[in-house]
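Quick notes on the structure that follows.
In listed order, ligands and their atoms are each counted from 1. Given the structure is predicted, the values throughout are model-derived calculations rather than measurements. Scope of the values below: all heavy atoms of this structure, side chains included, with no hydrogens, waters or symmetry mates.
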Amino acid sequence: MAAQKELSGAGLRGQVAGKTALSTVGKSGSGLTYRGYDVSELADKCIFEEVAYLLLYGNLPTRTELDGYQTKLKGLRGLPQSLKDVLERIPAAAHPMDVLRTGCSMLGNLETEMSFDEENDQADRMLAAFPSIINYWYRFSHDNVRIETETDDETIGGHFLHLLKGEKPNELHTKVMNVSLILYAEHEFNASTFTARVCASTLSDIHSCITGAIGSLRGPLHGGANEAAMDMIEGFSSADEAEKEMMAMLARKDKIMGFGHAIYSESDPRNVVIKGWAEKLAADVGDEVLYPVSVRCEEVMWREKKLFCNADFFHASAYHFMGIPTKLFTPIFVCSRLTGWAAHVFEQRANNRIIRPSAQYTGEDLRPVPEMSAR
Ligand SMILES: CC(=O)SCCNC(=O)CCNC(=O)[C@H](O)C(C)(C)COP(=O)(O)OP(=O)(O)OC[C@H]1O[C@@H](n2cnc3c(N)ncnc32)[C@H](O)[C@@H]1OP(=O)(O)O
Ligand SMILES: O=C([O-])CC(=O)C(=O)O
């Protein structure tokens, strides 16, 4: 069993900031559970919609509940014209995370949450609409087409790839998207979820909570690491070159994206799962560079620094092998984590006290305001 990481110091590390029944992260050093189920088992046996239902409604769905839930989500994929109008005005050079942030906020203007009784319906609407929002903008701004966002794909993962590529994905890609969305769905009090909970604690609306969380996830120290990892590994033309460059980066004390974790001490349980699928996808596309490069990076980081791949590192090659443009990597994370964020918003609302910590003051002692002429 992995040793528990010593959690103290800056960044609120190790401080208990609230209660949750949604997940455990590194409870015994490693491991990740959603409502008591191990994430690896969920990724093996479930589709993402089952996990979304688990997080948002509290239990794994029965067959009837799952059928009903998929039908409901399928019916919510369309976008209002005024949202499409806004998306069409966002330039192609914009970062897709900014597009999603704006898309979520605009949806909040058009379909405002009027009462907390609507929270489940609002979360389901966003779950169904986010893949449509990001792909509508991407295809319009990059391919000059106005896509139809209402597909009959059974899963959100399949729907996402269908919109992006204009054709139904194959079985392997659909499975990997489901696995990926399950792995990314929930992770206790990470930065973006905490953002959502802080916002929820003021009794704000759900679109404000999710818009804020998207902004927090965007950074390269959090969700943005999958894109940063891709930018790095695609610059290496062989495993040996990767090793040489990584050693130079470590000597320069560069931060290497996709490695390390605030809570886990010696492995991230999501890595072994997505790495396995990245290997299968590499074989599927006949890759002989990117996957071996990624494996070498993992070996070097462990050998030199005892730093391990987090969930983001092998997501980079996996997504790349499925033909997903790098800048859409973190938005896919949003389409998944939305479930965790929303479930935390519900939880915060159900037992709320406004989140308002204190600061240690390090500024000047009390002093008089000098006259303008004396400053
Ligand atoms: C889905 C996710 O959000 S997973 C996280 C995605 N983020 C990344 O991959 C970004 C790269 N990783 C990091 O920046 C960090 O490991 C974080 C942000 C994830 C965690 O930060 P912390 O909790 O502060 O890390 P931790 O306390 O373990 O750091 C210990 C030491 O290892 C170093 N370290 C940690 N990660 C890395 C890394 N990826 N590359 C180089 N050095 C690292 C730290 O700089 C620190 O050294 P120092 O004490 O000399 O400053
Ligand atoms: O827990 C964290 O700090 C970051 C993380 O892995 C996640 O949000 O999935």
Side-chain angles (χ1 to χ4, degrees), residues 2-15 17 20 22-27 29-34 39 43 51 55 97 180-197 213-233 245-275 294 297-298 300-316 318-319 329-341 343-344:
Q4 206 121 4
K5 188 166 172 171
E6 192 167 328
L7 298 172
S8 61
L12 294 179
R13 202 69 80 257
Q15 308 287 323
T20 185
L22 291 167
S23 62
T24 62
V25 173
K27 203 173 167 195
S30 62
L32 169 60
T33 64
Y34 300 166
V39 75
V51 173
L55 291 169
M97 285 295 279
S180 166
L181 294 172
I182 290 171
L183 295 179
Y184 271 148
E186 159 57 11
H187 220 241
E188 200 221 35
F189 276 21
N190 61 84
S192 55
T193 300
F194 197 59
T195 304
R197 282 193 84 129
I214 294 171
S216 287
L217 190 72
R218 184 191 196 289
L221 295 189
H222 193 10
N226 54 16
E227 296 179 21
M230 187 66 219
D231 292 342
M232 179 180 79
I233 58 178
E245 293 299 328
M246 297 278 289
M247 293 299 284
M249 289 165 80
L250 289 174
R252 288 197 302 270
K253 299 207 178 308
D254 289 352
K255 193 144 266 192
I256 302 184
M257 299 306 165
F259 287 89
H261 200 272
I263 305 295
Y264 297 123
S265 56
E266 52 188 49
S267 64
D268 179 330
R270 299 165 294 183
N271 179 52
V272 64
V273 180
I274 196 62
K275 182 182 175 187
S294 305
C297 293
E298 183 180 33
V300 171
M301 286 296 278
W302 185 252
R303 186 188 72 211
E304 298 296 322
K305 292 279 172 198
K306 291 285 171 283
L307 282 168
F308 52 89
C309 295
N310 56 46
D312 280 330
F313 190 70
F314 276 95
H315 260 106
Y319 285 166
F329 290 3
T330 319
I332 298 176
F333 194 158
V334 171
C335 294
S336 158
R337 184 56 61 85
L338 171 61
T339 53
W341 291 334
H344 276 275

So which protein heavy atom does [atom] come closest to, and at what separation?
atom                    : answer
atom 10 (C) of ligand 1 : Met257 SD, 3.4 Å
atom 44 (C) of ligand 1 : Lys255 NZ, 4.3 Å
atom 23 (O) of ligand 1 : Arg13 NH2, 2.9 Å
atom 12 (N) of ligand 1 : Phe259 O, 2.8 Å

Under 4.0 Å and counting heavy atoms only, is there anything from the protein next to [atom]?
atom                    : result
atom 20 (C) of ligand 1 : yes
atom 17 (C) of ligand 1 : no
atom 47 (O) of ligand 1 : no
atom 32 (O) of ligand 1 : no
atom 37 (C) of ligand 1 : yes

Heavy-atom distance under 4.5 Å between the side chains of Val300 and Arg303, does that happen here?
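The answer is yes, as the side chains (C-beta and beyond) meet within the 4.5 Å cut-off.
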
What do you reckon, does [X] have a nitrogen or oxygen under 3.5 Å from a nitrogen or oxygen of ligand 1?
X      : answer
Leu307 : no
Asn310 : yes
Arg270 : no

Just going by heavy-atom distances, which of [options] is nearest to [atom]?
atom                   : options                        : answer
atom 7 (N) of ligand 1 : Leu221, Asn271, Ile263, Leu183 : Leu221
atom 9 (O) of ligand 1 : Gly223, Gly219, Gly258         : Gly258
atom 2 (C) of ligand 2 : Thr193, Val25, Asn190, Asn310  : Asn190
atom 1 (C) of ligand 1 : Asp312, Thr330, Asn226, Leu217 : Asp312

Hey, is Glu188 one of the residues with a heavy atom under 4.0 angstrom from ligand 2?
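It does not; every heavy atom stays at 4.0 Å or beyond.
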
Which label fits Phe333 and Tyr184: parallel for a plane angle under 30°, tilted from 30 to 60°, or perpendicular past 60°?
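Rings of Phe333 and Tyr184: parallel, as their planes differ by under 30°.
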
Region of Asp268 engaging ligand 1 - heavy atom pairs below 4.0 Å
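Contact part for Asp268 vs ligand 1: neither.
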
Which atoms from ligand 2 have a heavy atom of Arg270 less than 4.0 Å away?
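Matching atoms, with element in brackets: 5 (C), 6 (O), 7 (C), 9 (O).
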
What I want to know is whether Arg337 and ligand 2 share at least one N or O pair that is separated by under 3.5 angstrom.
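For ligand 2, there is an N or O atom that lies under 3.5 Å from one belonging to Arg337.
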
